[in-house]
Trainee: 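First the structure, then my questions, so here it is.
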Amino acid sequence: MSAYRIALNFEDGVTRFITCNAGEKVLDAAFRNKINLPMDCSDGVCGTCKCRAESGRYDMGDGFIDDALTEDEVAEGLILTCQMVPESDCILSVPTSSGACKTGQKSFEATVAGITEHADAAVVLELDTSDESAPNFLPGQYVNIDVPGAGLCRSYSFSSAPGESRLGFLIKKIPGGVMTSWLGRAKPGDRLTLSGPLGSFYLRETRQPLLFLAGGTGLAPFLSMLELLARQGSSAQIHLLYGVTRDLDLVLVDALEAYAARLPNFTFATVVADANSAHPRKGWVTQHMPEALLQQAAVDVYLCGPPPMVDAVRGWFAETGVTPASFHYEKFTPNAVLKAIA
C-alpha cells in the first residue's frame, strides 16, 4: 500500500510531517499522528478545516458543499482536510498556530562532524544525526540551534537537502557573537540540540522559471533548494544572483559552479558592493536584475538576505512595475530570522 508524506506548515512557522496512507483523508491521518487540525463537522459542510495546498496531487471528491468550499477556492488551491485524499507527497499551509493544533516544534540531537572557516566571513558547520533523528524539512527552512553554555539559541537555514543524516549550515562570523565564539572552540564530536524545522520560506512546486536572490549567508537555503532540484533532474530555468559586501564574503562559489554542471538550465552571477573591489559586477543586486528573464514570462522569485536587501528588492519591484508570478522572501539578522512571507 502506498503512503505519502504530508508537510503541515502552520502559521507560526512550525512544520510537522505526517504519513497519509493511500485512500486516507488528511484530517484522519493528522489525528492518527496526534495533530488536531481544526474541524467541526468532518463532512465537508462547515469549512472549518480549510487549508491551502502549496504542492502535490490530491482528490477532493464531491462530498462537500459550496458553502464550505467554492469552485473558485478549489481553483485557487484551497482544500478541506476532511475530504482531501493525497495522490502524492503534499505541502499544506494551515491557517492556525501549531499550539492550537496540540503540536509544536520537535527537538533533536546532532554531533559536530566538521567546521570549515572561510576567512573572517563565514563558517560551514556540518552536523551528523542518526537516521532515526534526521529531521524532515522543506528546502529553505531553518532550525534553532542551542549554543552550548550560553542559554541562547540561534537560527540558521539548512544548506543541505532534506533526507540526509548529515546537515549543513552556512553561518556568518560575528565578532564577539555567541555562536561565532563557540564555533572557535568547538571540535568534532561535540553535541548540539536543535529544534525545528521552522519557516514559511521554502521551495514550492516548480511551474515556471525561478529567480533566486541571495545576500551573504542568505545563500544557504538556496544551496538546499538547488540540491533538491538537481536530484530531481529539474530542467527548469533558474538564475541566482548572489550579492555580498566584500570580495571575502563570496563563499561556496565552487558549489554554485558544481550545480551549474548538474542543472542544465541553471546560471548564476555574483555581485560585490565594495566600490574598491576588482569584481566585474559591483554595486547592489537590484542593479543587476535579469530583466529579460523577469519580462519574458511568469517567474517565481525567492529572496533571502538582510533586511536592507529585502527592502531594496521589494522597492525595485514596486518602482519598475514588475510583478512576479509569486514572491517568497525571508529577512534575517545575524542573530535570528525576523520575518518570512510567502
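Note that these values count all heavy atoms, side chains included, but never hydrogens, waters or copies made by symmetry.
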Trainee: Between L127 and F169, does a side-chain contact (heavy atoms from CB on, under 4.5 Å) hold up when you go through it step by step?
Mentor: CA-CA 9 Å; L127 303 176; F169 303 93; 3.7 Å; yes

Trainee: Any chain of hydrophobic side-chain contacts (each under 4.5 Å) joining V85 to V45?
Mentor: no

Trainee: Taking Q141 for the side chain and G199 for the main chain, is one N or O donor matched with an acceptor at less than 3.5 Å?
Mentor: yes

Trainee: Less than 4.0 Å between a side-chain N and a carboxylate O, is that true for D120 and K173?
Mentor: no

Trainee: N265 and S235: side-chain hydrogen bond (donor to acceptor under 3.5 Å, both in side chains), yes or no, with the steps?
Mentor: CA-CA 6 Å; N265 296 312; S235 59; 5.1 Å; no

Trainee: Is the charged tip of R204 near the ring of Y202: under 6.0 Å from the six-membered ring centre and within 45° of its axis?
Mentor: yes

Trainee: Residues in salt bridge (charged side-chain N to carboxylate O under 4.0 Å, His left out) with D190, at least two apart?
Mentor: K187

Trainee: Check for a donor-acceptor pair, side chain of T180 on one end and backbone N or O of I174 on the other, with a separation under 3.5 Å.
Mentor: yes

Trainee: Report all side-chain donor-acceptor pairs from residues 86-93 shorter than 3.5 Å, counting only partners two or more places apart or in another chain.
Mentor:
unit_1, atom_1, unit_2, atom_2, d
S88, OG, R57, N, 2.8
D89, OD1, R5, N, 2.8
S93, OG, E54, OE2, 2.9

Trainee: Please answer: with hydrophobic residues joined when any side-chain heavy atoms are less than 4.5 Å apart, are V322 and W284 in the same cluster?
Mentor: no

Trainee: Check whether the side chains of T193 and D146 place a donor and an acceptor atom closer than 3.5 Å, and report yes or no.
Mentor: no

Trainee: Assess whether atom CH2 of W182 is packed by more than 12 heavy atoms of other residues, nucleotides or ligands within 6.0 Å.
Mentor: yes

Trainee: Got a sec: does the CG of D254 have more than 12 other heavy atoms crowding it under 6.0 Å?
Mentor: yes

Trainee: For ring pair (Phe, Tyr, Trp, His ring centres under 6.0 Å), just list the numbers for F317 and F327, CA-CA rounded to whole Å, side-chain angles, deciding distance to a tenth of an Å, and then say yes or no.
Mentor: CA-CA 10 Å; F317 281 128; F327 183 24; 5.2 Å; yes

Trainee: Aromatic ring centroids of F222 and Y302 under 6.0 Å?
Mentor: no

Trainee: Are any side-chain N or O atoms of Q83 and backbone N or O atoms of L80, one a donor and one an acceptor, separated by less than 3.5 Å?
Mentor: no

Trainee: Looking at CZ of F17 and CG of N33, how far apart are the two atoms once the value is rounded to the nearest 0.5 Å?
Mentor: 12.5 Å

Trainee: For residues M39 and I6: do they belong to one hydrophobic cluster (side chain heavy atoms under 4.5 Å, members Ile, Leu, Val, Met, Phe, Trp, Tyr)?
Mentor: yes

Trainee: Counting distance only, does the side-chain N/O of D12 pair as donor-acceptor with the main-chain N or O of S98 below 3.5 Å?
Mentor: yes

Trainee: Looking at R314 and E319, is any side-chain nitrogen of the basic one under 4.0 Å from a carboxylate oxygen of the acidic one?
Mentor: no

Trainee: Does D59 pair with K25 as a salt bridge, N-O distance under 4.0 Å?
Mentor: no

Trainee: Looking only at atom types and distance, does a side-chain atom of H288 sit under 3.5 Å from a main-chain N or O of K282, one as donor and one as acceptor?
Mentor: yes

Trainee: Decide if the gap between the ring center of F268 and the ring center of Y242 is smaller than 6.0 angstrom.
Mentor: no

Trainee: Distance from T206 atom OG1 to L228 atom CG, nearest 0.5 Å?
Mentor: 8.5 Å

Trainee: When you measure from the side chain of R262 to the backbone of A258, do you find a donor-acceptor pair of N or O atoms at a distance under 3.5 Å?
Mentor: no

Trainee: Is the backbone of S165 close enough, under 3.5 Å, to the side chain of T129 for a donor and an acceptor to pair up by distance?
Mentor: yes

Trainee: Donor-acceptor pair, distance only, cut-off 3.5 Å: does the side chain of S157 make one with the backbone of P221?
Mentor: no

Trainee: Report, as yes or no, whether the 6.0 Å neighbourhood of atom CD on E71 holds more than 12 heavy atoms from other residues, nucleotides or ligands.
Mentor: no

Trainee: Can you tell me how far the CG atom of L78 sits from the CG atom of D72, to the nearest 0.5 Å?
Mentor: 10.0 Å

Trainee: Given 3.5 Å as the limit, does a donor-acceptor pair link the side chain of E24 with the main chain of N21, or not?
Mentor: yes

Trainee: Salt bridge check, E117 against K172: does any charged N sit closer than 4.0 Å to a carboxylate O?
Mentor: no

Trainee: Just jot down the salt bridge (charged side-chain N to carboxylate O under 4.0 Å, His left out) partners of K106, sequence neighbours excluded, or say none.
Mentor: none

